[in-house]
K.L.:
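Starting off with a structure, shown below.
Below, each value reflects all heavy atoms present in this structure, side chains not excepted, and no hydrogens, waters or symmetry copies. Ligands are counted one by one from 1 in listed order, and the atoms in each one are counted from 1 as well.
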Amino acid sequence: MSACVFCRIVAGQIPSTRVYEDDLVLAFMDIGQVNPGHVLVAVKPHVDNVYALDDAAAAAVARATARVARAIRAAFQPAGLSVYQANGAAAGQTVFHYHVHLVPRHDGDGMAFTWPVKNPPREVLEAHAAQIRAQLG
Ligand code: AMP
Ligand code: ZN
């Protein structure tokens, strides 16, 4: 069994609250985020960081990120949306499997990135994910 937590999520060995899936990408709710709509878009095959991302995977992540971003906007109408990724420990990466953070920003919500924060109950994540999935069609 892989030691990588996101590989185990992709393989279905660790539960996740899934938002979007295609051949190369899995998007799921960030378990450490309590506000509506915080989503991670991960490439399915194990890739440590942006330096190891091939063109097909890069394109797939970008396409999925844009689609999920539009769905988050439709579901939650945030004032803004941060798209964030950490590459390398010095940049704050803690899970060394390439992924993008989609972070809705609401009025009064600053730009400080404070991962991880409180663990929301799974039913809260599931409710948020259902709202996003409904907008993905
Ligand atoms: P980073 O620190 O940029 O590498 O992002 C890793 C993110 O993965 C953090 O925001 C964590 O909250 C999140 N995370 C870690 N484990 C899980 C999990 N099992 N399910 C969902 N999100 C997770
Ligand atoms: Zn992995």
K.L.:
Less than 4.0 Å is my threshold; does some heavy atom of H38 fall inside it relative to ligand 1?
P.N.:
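No.
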
K.L.:
Do H101 and ligand 1 have an N or O pair less than 3.5 Å apart?
P.N.:
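H101 vs ligand 1: N/O contact under 3.5 Å present.
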
K.L.:
Does D30, backbone or side chain, put an N or O under 3.5 Å from an N or O of ligand 1?
P.N.:
yes

K.L.:
Around the Zn ion (ligand 2), what protein N, O or S atoms are found below 2.8 Å?
P.N.:
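Less than 2.8 Å away from the Zn ion (ligand 2) sit C4 SG, C7 SG, H46 ND1, H97 ND1.
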
K.L.:
With heavy-atom distances below 4.0 Å as the criterion, list the atoms of ligand 1 near M29.
P.N.:
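Answer for ligand 1: 21 (C).
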
K.L.:
Using 0.5 Å steps for rounding, measure from the SG atom of C7 to the CG atom of L26.
P.N.:
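Result: 11.0 Å between the selected atoms.
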
K.L.:
Can you list the atoms of ligand 1 that are under 4.0 Å from a heavy atom of G32?
P.N.:
12 (O)

K.L.:
I need the L81 CG to R70 CZ distance, nearest 0.5 Å.
P.N.:
12.0 Å

K.L.:
For S16, state whether at least one heavy atom is located under 4.0 Å from any atom of ligand 1.
P.N.:
no

K.L.:
Have a look at ligand 1 and work out which part of F6, if any, has a heavy atom under 4.0 Å from it: side chain, backbone, both or neither.
P.N.:
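Contact part for F6 vs ligand 1: side chain (C-beta onward).
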
K.L.:
Could you tabulate the donor-acceptor pairs under 3.5 Å formed by side-chain atoms of residues 127-137, not counting sequence neighbours?
P.N.:
unit_1 : atom_1 : unit_2 : atom_2 : d
R133   : NH1    : R18    : O      : 2.7
R133   : NH1    : E126   : OE2    : 3.4
R133   : NH2    : E126   : OE2    : 2.8

K.L.:
Can you tell which of I31, L125, V5, V103 gets a heavy atom nearest to atom 20 (N) of ligand 1?
P.N.:
I31

K.L.:
So Q85 and Y98, do their side chains get closer than 4.5 Å, heavy atoms only?
P.N.:
yes

K.L.:
Looking at A86, which atoms of ligand 1 are within less than 4.0 Å of one of its heavy atoms?
P.N.:
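With A86 as reference, the close atoms of ligand 1 come out as 3 (O).
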
K.L.:
In Å and rounded to the nearest 0.5 Å, what is the OH to CG distance from Y84 to L102?
P.N.:
13.5 Å

K.L.:
State, yes or no, whether a side-chain contact exists between K44 and L24 at a heavy-atom distance under 4.5 Å.
P.N.:
no

K.L.:
State yes or no: do V124 and F28 share one hydrophobic cluster built from I, L, V, M, F, W and Y residues joined by side-chain heavy-atom distances below 4.5 Å, directly or via other members?
P.N.:
no

K.L.:
Can V39 be reached from F76 by stepping across I, L, V, M, F, W or Y side chains whose heavy atoms are under 4.5 Å apart?
P.N.:
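Same cluster: F76 reaches V39 through Ile, Leu, Val, Met, Phe, Trp or Tyr contacts under 4.5 Å.
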
K.L.:
Which atoms of ligand 1 are found less than 4.0 Å from any heavy atom of G92?
P.N.:
2 (O)

K.L.:
I'd like a table of donor-acceptor pairs (distance under 3.5 Å, sequence neighbours excluded) in which one partner is a side-chain atom from residues 48-68, with atom names and distances.
P.N.:
unit_1 : atom_1 : unit_2 : atom_2 : d
D48    : OD1    : H46    : NE2    : 2.7
N49    : OD1    : Y51    : N      : 3.2
D54    : OD1    : A56    : N      : 3.2
D54    : OD1    : A57    : N      : 2.8
T65    : OG1    : V61    : O      : 2.7

K.L.:
Give the atoms of ligand 1, by number and element, whose distance to some non-hydrogen atom of T94 is under 4.0 Å.
P.N.:
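So the atoms of ligand 1 that pass are 1 (P), 2 (O), 4 (O), 5 (O), 6 (C).
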
K.L.:
Drop me the distance from S16's OG to R8's CZ, to the nearest 0.5 angstrom.
P.N.:
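CZ of R8 is found 12.5 Å from OG of S16.
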
K.L.:
Who are the side chain to side chain donor-acceptor pair (under 3.5 Å) partners of Q93, not counting sequence neighbours?
P.N.:
none

K.L.:
What distance do T17 atom OG1 and E123 atom CD have between them, rounded to the nearest 0.5 Å?
P.N.:
10.0 Å

K.L.:
What part of Q85 sits under 4.0 Å from ligand 1 if we count only heavy atoms: the side chain, the backbone, both or neither?
P.N.:
neither

K.L.:
Counting only N and O atoms by type, is there a donor-acceptor contact under 3.5 Å from the side chain of H99 to the main-chain atoms of H97?
P.N.:
yes

K.L.:
Is I9 in contact with ligand 1, taking contact as a heavy-atom separation below 4.0 Å?
P.N.:
yes

K.L.:
If we set the cut-off at 4.0 Å for heavy atoms, which region of F28 has an atom near ligand 1: side chain, backbone, both, or neither?
P.N.:
side chain

K.L.:
Go through ligand 1 atom by atom and flag the ones less than 4.0 Å from a non-hydrogen atom of L40.
P.N.:
7 (C), 8 (O), 13 (C), 22 (N)

